[in-house]
Colleague: 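Please read through the structure below; I'll follow up with questions.
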Protein chains: 2
Amino acid sequence: MTDVRTERSSAAGQPTGKRQGKRERLLAAAIELLHQEGVERTTLADIAHRAEVPVGGVYYYFKTKEDVVTAVIEAHAAEVRASLADIEHRHGSPKDRLKALVDQFASRNELIAEFGCPLGTICSELDKRHVETSPAAVLMRLPIAWMEEQYRALGCDDADELALELMAAYEGSALLANTMRDPSILTGAARRINRGIDAL
Amino acid sequence: MTDVRTERSSAAGQPTGKRQGKRERLLAAAIELLHQEGVERTTLADIAHRAEVPVGGVYYYFKTKEDVVTAVIEAHAAEVRASLADIEHRHGSPKDRLKALVDQFASRNELIAEFGCPLGTICSELDKRHVETSPAAVLMRLPIAWMEEQYRALGCDDADELALELMAAYEGSALLANTMRDPSILTGAARRINRGIDAL
DNA sequence: GTCTATAAATCGATAGAC
DNA sequence: GTCTATCGATTTATAGAC
């Protein structure tokens with residue numbers, strides 16, 4: 001639906017200097033499809049087709065489907081880390097930083113009402129593959145640990161609980177907004193969360 | 001793992017009087033597996049095997065896999081309705097009723113940390129089947145509408161928002177508890193929610 | 001190094017035996 | 001009415017051609 005072309009013709013550190021952005025296209029397609037269609041319902045053929053890459057050719061860039069999932073998780077983690085670093089760079093006070101994160105959440109309300117939170121849905125789905133430690137759990141811990149830092153900088157003793165509460169409020173609202181297909185559930189949640197931050 | 005045998009040898013309104021509890025066993029197995037393994041990962045063979053019914057025999061009791069899913073949703077809805085009716089019967093005041101619901105949530109913390117909220121996970125997963133109105137959305141609306149009634153009886157103008165907030169806090173905490181495999185996230189959430197109800 | 005053709009396995013569903 | 005045997009479609013993965 002949306003055009004996610006992060007093309008960069010023959011750049012980056014590939015061994016041979018003869019690569020177009022095929023791996024990047026496959027990864028971008030996988031990120032979209034795993035979010036919109038779900039991990040289990042997305043086939044490698046779907047990914048290859050959206051990336052405009054030959055169907056069997058996926059296995060040249062990824063060993064297995066689980067490798068694709070791992071790459072998607074790492075891409076999400078990199079994006080979250082970059083977002084948090086950007087917020088830290090743009091805002092000095094912990095309160096402003098927390099509210100900037102809430103604002104950033106709010107900028108994707110329509111997408112989340114349609115397909116759910118990218119982090120939340122993938123965590124929920126990957127939990128069903130009973131691996132010891134879910135590889136998606138790191139995605140959740142990134143923003144939570146960061147929020148805990150901010151709350152701690154504000155002098156809150158229960159910084160860990162406040163961070164969990166904020167994330168839970170957001171993820172729960174994302175689930176309800178997605179289930180009811182109603183983005184306004186997320187705007188209401190953002191308003192309440194911001195009010196709580198101001199009242200600290 | 002847990003024994004869900006709602007056996008009732010040849011009862012209920014079947015056309016012929018010659019039915020053991022096979023359909024009931026299949027439904028009970030489906031309820032468990034859809035929760036623990038997920039909708040997409042659960043096969044009809046898995047369900048038949050857990051119900052100790054011949055593999056192909058599922059199709060005598062259910063037309064298609066989607067029919068099984070529909071039956072599971074309806075079973076969940078019936079259970080939720082029964083729980084809410086029971087709470088209304090046992091408690092007179094809206095505050096006590098809301099807190100009784102939170103207590104009931106809390107009684108399943110370990111199960112939820114292991115497999116997620118049965119309602120939340122099925123809503124999240126079924127949303128990926130882009131049907132107009134998700135059949136699982138009714139599951140979410142049942143407790144939300146009921147909570148809204150209680151808040152309205154307490155004289156809250158923003159009863160709808162309070163109900164959404166409570167449900168979101170619970171579902172978000174369930175997702176985090178499941179992702180981190182930590183039931184204490186749910187006990188912390190329940191404590192906060194109860195505090196909010198008392199402060200009304 | 002890249003991709004086509006195909007193997008191997010799995011799953012939903014059906015036809016028909018008992 | 002109940003269930004066995006099997007079909008057809010799909011999907012992951014590989015072997016090997018170019």
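So you know, we letter chains A, B, ... as the sequences are listed, proteins then strands, and number each from 1.
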Colleague: When you compare the side chain of A/Tyr61 with that of A/Leu27, does any pair of heavy atoms fall below 4.5 Å?
Modeller: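 Of all side-chain heavy-atom pairs linking A/Tyr61 with A/Leu27, none is under 4.5 Å.
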
Colleague: Once you round it to whole Å, what is the distance between P of D/dT2 and CZ of B/Phe62?
Modeller: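 In whole Å, D/dT2 P and B/Phe62 CZ are 13 Å from each other.
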
Colleague: With the criterion being N/O to N/O and under 3.5 Å, what pairs connect the protein with nucleotides 14-16 of chain C, and how long is each?
Modeller:
none

Colleague: To the nearest Å, give me how far apart CG (B/Leu44) and P (D/dA9) are.
Modeller: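 Distance, rounded to whole Å: 18 Å.
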
Colleague: Would you check, one step at a time, whether the test side chain to side chain contact (heavy atoms under 4.5 Å, CB included) holds for A/Gln36 with A/Glu114?
Modeller: CA-CA 8 Å; A/Gln36 299 180 359; A/Glu114 198 169 357; over 6 Å; no

Colleague: By nearest atom, which of the nucleotides D/dT12, D/dC3, C/dT2 is closest to the B/Tyr61 side chain?
Modeller: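 Out of D/dT12, D/dC3, C/dT2, the nucleotide with an atom closest to B/Tyr61's side chain is D/dC3.
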
Colleague: Would you mind reading off the distance between B/Arg25 atom CZ and D/dT2 atom C1', rounded to a whole angstrom?
Modeller: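 It works out to 13 Å between those atoms.
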
Colleague: Spell out, yes or no, whether A/Val55 and A/Phe62 are grouped together once hydrophobic residues are joined by side-chain heavy atoms under 4.5 Å, including indirect joins.
Modeller: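 As far as the 4.5 Å side-chain criterion goes, A/Phe62 and A/Val55 are not connected within one cluster.
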
Colleague: For the pair made of NZ in B/Lys65 and C1' in D/dT10, what is the distance, rounded to whole Å?
Modeller: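 Atom NZ in B/Lys65 sits about 13 Å away from atom C1' in D/dT10.
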
Colleague: Nearest whole angstrom, please: distance from the C1' of C/dG12 to the CD of B/Glu40.
Modeller: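 Going from CD in B/Glu40 over to C1' in C/dG12 covers 13 Å.
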
Colleague: Whole Å only: how far is the NE2 atom of A/His49 from the P atom of D/dT10?
Modeller: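 Interatomic distance, NE2 of A/His49 to P of D/dT10: 15 Å.
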
Colleague: Please report the distance, rounded to the nearest Å, between CZ in B/Arg41 and C1' in D/dT12.
Modeller: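 Spelled out: CZ on B/Arg41 to C1' on D/dT12 is 14 Å.
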
Colleague: Scan A/Arg191, A/Arg192, A/Lys99, A/Lys95 and name whichever one has a salt bridge (charged side-chain N to carboxylate O under 4.0 Å, His left out) with A/Asp198.
Modeller: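 Going through the options one by one, the only one that passes is A/Lys99.
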
Colleague: Can you tell me how far CG of A/Leu101 sits from CE of A/Met167, rounded to the nearest 0.5 angstrom?
Modeller: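 CG of A/Leu101 is found 8.0 Å from CE of A/Met167.
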
Colleague: Tell me: CZ of B/Arg23 to C1' of D/dG1, nearest whole Å?
Modeller: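 One finds 15 Å between C1' of D/dG1 and CZ of B/Arg23, rounded.
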
Colleague: Should the ring pair A/Phe115 and A/His35 be called parallel, tilted or perpendicular, given that the plane angle runs from 0 to 90° and is split at 30 and 60?
Modeller: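 Ring orientation, 0 to 90° scale: perpendicular.
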
Colleague: Nearest 0.5 Å please: distance from the CD1 atom of A/Ile193 over to the CD atom of B/Glu165.
Modeller: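 Taking CD1 in A/Ile193 and CD in B/Glu165, the distance rounds to 9.0 Å.
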
Colleague: Measuring from the side chain of B/Tyr60 (C-beta onward, heavy atoms only), which nucleotide among D/dT2, C/dG12, D/dA13 has the closest atom?
Modeller: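 For the B/Tyr60 side chain, the nearest candidate turns out to be D/dT2.
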
Colleague: Using the side-chain heavy atoms of B/Lys22, tell me which of these nucleotides is nearest: D/dA13, C/dT2, D/dT2.
Modeller: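 Between D/dA13, C/dT2, D/dT2, the one nearest the side chain of B/Lys22 would be D/dT2.
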
Colleague: Can you check whether A/Thr64 has a side-chain N or O nearer than 4.0 Å to OP1 or OP2 of D/dA13?
Modeller: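 The answer is yes; a side-chain N or O of A/Thr64 sits under 4.0 Å from OP1 or OP2.
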
